[in-house]
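All remarks here apply to the structure that follows.
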Amino acid sequence: MRIVVDFDLCESNAVCMQIAPDIFEVRDDDFLYILDETPGEADRARVEECVQRCPKQAISIAED
Amino acid sequence: MTRAPRAVTIVGASLAGLNAAEALRREGFDGPVTLIGAESRLPYDRPPLSKQVLAGDWAPERAALTDPEELAEDGIEARLGVRATALDMAARELTLHTGETVEFDGLVIATGARCRTMPGTEGIGGVHVLRSLDDCLALRADFEATPRRVVVVGAGFIGAEVAATARGRGLDVTMVEALPTPLSRVLGDEMGEVCAEVHRDHGVDLRTAVGVERISGDGRVERVTLSDGSTVDADVVVVGIGVVPNTGWLEGSGLEVDDGVVCDASCLAADRVAAAGDVARWPNELFGETMRVEHWDNAAQQGAHAARRLLDAAVGPFTPVPWFWSDQYDRKIQLAGRVRGDDEVRVVAGSVEERRFAAIYGRAGRIVGVLGFNRPRHVMRYRALIEQRAGFDEALAAEF
């Protein structure tokens with residue numbers, strides 16, 4: 001599982017950071033950083049929640 | 001014990017309804033799912049309607065939330081352009097505006113809300129509300145006709161976003177607000193004043209503590225008369241004075257309606273009937289308060305929760321920390337929690353002067369809200385504390 005963020009869509013609402021702060025971080029510059037682009041299967045449910053709850057639908061999961 | 005539904009009908013094909021449908025499939029529900037929508041369009045996203053689409057930066061299609069292929073893949077049948085006009089709980093039957101009746105087993109009520117309008121403005125051209133994509137395109141067309149002057153009635157979040165977008169298009173804007181300070185009931189006087197200043201800084205002529213007496217013109221709007229007797233010339237008027245839940249069709253259904261469909265803590269309104277989104281009123285146990293929430297995030301989450309609850313009686317109460325964002329000019333304003341005008345407010349990051357700050361709200365020793373101006377990181381950190389029912393002192397001592 002690889003996390004893909006469309007940074008043209010991302011508005012840094014930081015919803016993903018609240019769900020998975022170990023994977024997503026919005027820093028003081030207001031930009032989103034992916035801390036772990038390829039989390040393990042144990043994190044899938046949380047990442048899927050991030051995908052679903054992103055207000056801009058900017059996050060997706062690539063299976064490769 | 002009641003059983004899970006064999007088929008689910010969802011009335012309302014916007015964010016809450018669509019999320020309910022998608023959640024049913026995510027949970028593995030394999031019975032029929034039917035989405036009934038009053039508008040003829042497929043579900044679309046509303047936040048861009050006061051911003052990117054209204055600004056002319058986005059084609060309307062970009063606001064789409066789904067497409068026919070995706071719906072077909074999920075086995076969701078969309079019946080669009082049909083409005084439910086009545087609900088018969090005894091017969092478990094819906095009546096549509098066409099006169100057709102439709103039986104249902106499981107039901108999600110997600111009919112949303114509609115804009116309050118100003119009485120007496122019906123026949124006057126150039127007077128708008130903003131809720132649907134059609135509303136947005138009509139307003140955009142009027143903006144593109146190079147009007148001289150825009151009057152926004154109501155300085156709530158919708159009015160404020162429209163004012164910001166209109167200023168971005170180079171239009172003159174007067175915003176009229178009945179309260180002495182905009183948003184004071186939601187954010188308190190101090191933070192409401194910060195919002196007011198942002199608009200004044202961007203050239204909005206903000207008139208506060210004054211009502212609208214009359215909107216008049218010969219066929220098309222020409223002027224707005226205020227309650228202090230003054231008049232403002234107007235080519236376009238946008239009325240943003242709140243919404244009312246769409247519950248008229250539930251009259252006589254036996255469901256309890258009280259400024260929304262009354263639900264239990266798990267979003268259930270009756271046996272195998274749930275409600276979600278702007279139309280649902282439910283007791284949020286996290287705040288010990290019955291609420292109806294008109295935010296994007298709530299519609300999405302509550303739609304999904306309602307679906308899960310229909311499938312599984314073990315799904316518990318819906319206890320979110322309400323959260324929304326509003327983009328105005330170059331500011332991202334976010335509010336999480338349940339804030340009142342008389343809560344204690346403390347700035348915990350940045351400063352009001354630089355318009356980049358986070359402020360937290362406390363009541364009865366607990367943190368109940370956080371407001372951010374370009375501080376998404378802080379808003380989400382404090383939102384987590386609200387969720388954990390943290391004390392106000394603990395929140396004040398926290399460092400993010």
Side-chain angles (χ1 to χ4, degrees), chain A, chain B residues 15 18-19 22-23 25-26 44-48 51-52 57-58 62-66 70 295-305 320-321 323-327 330-336 349-350 356 358 370 372-388 400:
Chain A
M1 163 170 67
R2 185 168 54 83
I3 294 173
V4 181
V5 171
D6 183 337
F7 284 97
D8 289 335
L9 292 177
C10 174
E11 285 183 349
S12 297
N13 275 300
V15 175
C16 53
M17 187 185 85
Q18 196 197 357
I19 298 164
D22 50 327
I23 298 173
F24 299 98
E25 184 182 358
V26 174
R27 295 197 185 140
D28 258 342
D29 60 7
D30 285 344
F31 287 109
L32 171 68
Y33 294 82
I34 309 176
L35 304 180
D36 181 0
E37 266 186 63
T38 53
E41 280 305 304
D43 291 315
R44 181 174 287 273
R46 284 193 308 148
V47 175
E48 281 177 350
E49 194 185 343
C50 294
V51 171
Q52 189 233 332
R53 292 188 54 183
C54 172
K56 302 320 295 177
Q57 310 277 284
I59 309 170
S60 56
I61 298 173
E63 307 292 348
D64 53 20
Chain B
L15 187 65
L18 180 65
N19 268 270
E22 288 175 344
R25 292 305 185 216
R26 250 195 332 269
Y44 56 84
D45 210 18
R46 295 185 198 277
K51 300 179 280 276
Q52 295 93 333
D57 296 339
W58 282 20
R62 217 172 139 181
L65 285 170
T66 186
E70 209 171 82
H295 307 330
W296 186 99
D297 186 59
N298 188 70
Q301 302 321 312
Q302 199 168 21
H305 188 96
V321 177
W323 166 79
F324 73 92
W325 79 97
S326 175
D327 294 329
D330 58 351
R331 298 294 95 172
K332 176 178 289 294
I333 301 170
Q334 295 175 311
L335 182 74
R356 183 163 182 266
V370 54
F373 268 61
N374 287 19
R375 289 280 183 183
R377 203 166 89 87
H378 288 82
V379 169
M380 287 305 153
R381 296 286 196 208
Y382 287 102
R383 187 188 188 196
L385 289 184
I386 299 167
E387 203 164 357
Q388 294 156 22
F400 295 127

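Proteins get letters first, then strands, A, B, ... in listed order; numbering begins at 1 in each.
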So, the part of A:C54 with a heavy atom under 4.5 Å from chain B: the answer is backbone
For B:P376 and A:A14 the tightest heavy-atom approach is O-CB, 3.6 Å
Tell me, for B:D297 versus chain A, whether the close heavy atoms (under 4.5 Å) come from the side chain, the backbone, both or neither. side chain
State whether a side-chain donor-acceptor pair under 3.5 Å links B:E387 with A:Q18. yes
Could you state the interatomic distance from CE (B:M380) to CG (A:N13), rounded to the nearest 0.5 Å? 6.5 Å
Sort A:E11 into side chain, backbone, both or neither according to what part of it lies under 4.5 angstrom from a heavy atom of chain B. both
Just wondering, more than 12 heavy atoms not from A:Y33 lying within 6.0 Å of its OH? yes
Rounded distance [0.5 Å steps], NZ in A:K56 versus CG in B:D45: 5.5 Å
For A:L9, which atoms come within 4.5 Å of any heavy atom of chain B: side chain, backbone, both, or neither? side chain
For each of B:E22, B:R377, B:R381, tally heavy-atom pairs with chain A at distances under 4.5 Å, and name the one with the top tally. B:R377
Can you say whether B:A304 sits under 4.5 Å from chain A via the side chain, the backbone, both, or neither, judging by heavy atoms? side chain
Heavy-atom nearest pair, B:W325 first then A:P55, reads CH2-CB, 3.4 Å
Greatest number of non-hydrogen atom pairs under 4.5 angstrom with chain B, of A:L32, A:D28, A:V15, falls to A:D28
I'd like to know if B:R356 pairs up with A:D30 as an ion pair, taking the criterion as any Lys NZ or Arg NE/NH1/NH2 lying under 4.0 Å from an Asp or Glu carboxylate oxygen. yes
A side-chain contact here means heavy atoms from C-beta on lying under 4.5 Å apart; do A:Q52 and B:R26 qualify? yes
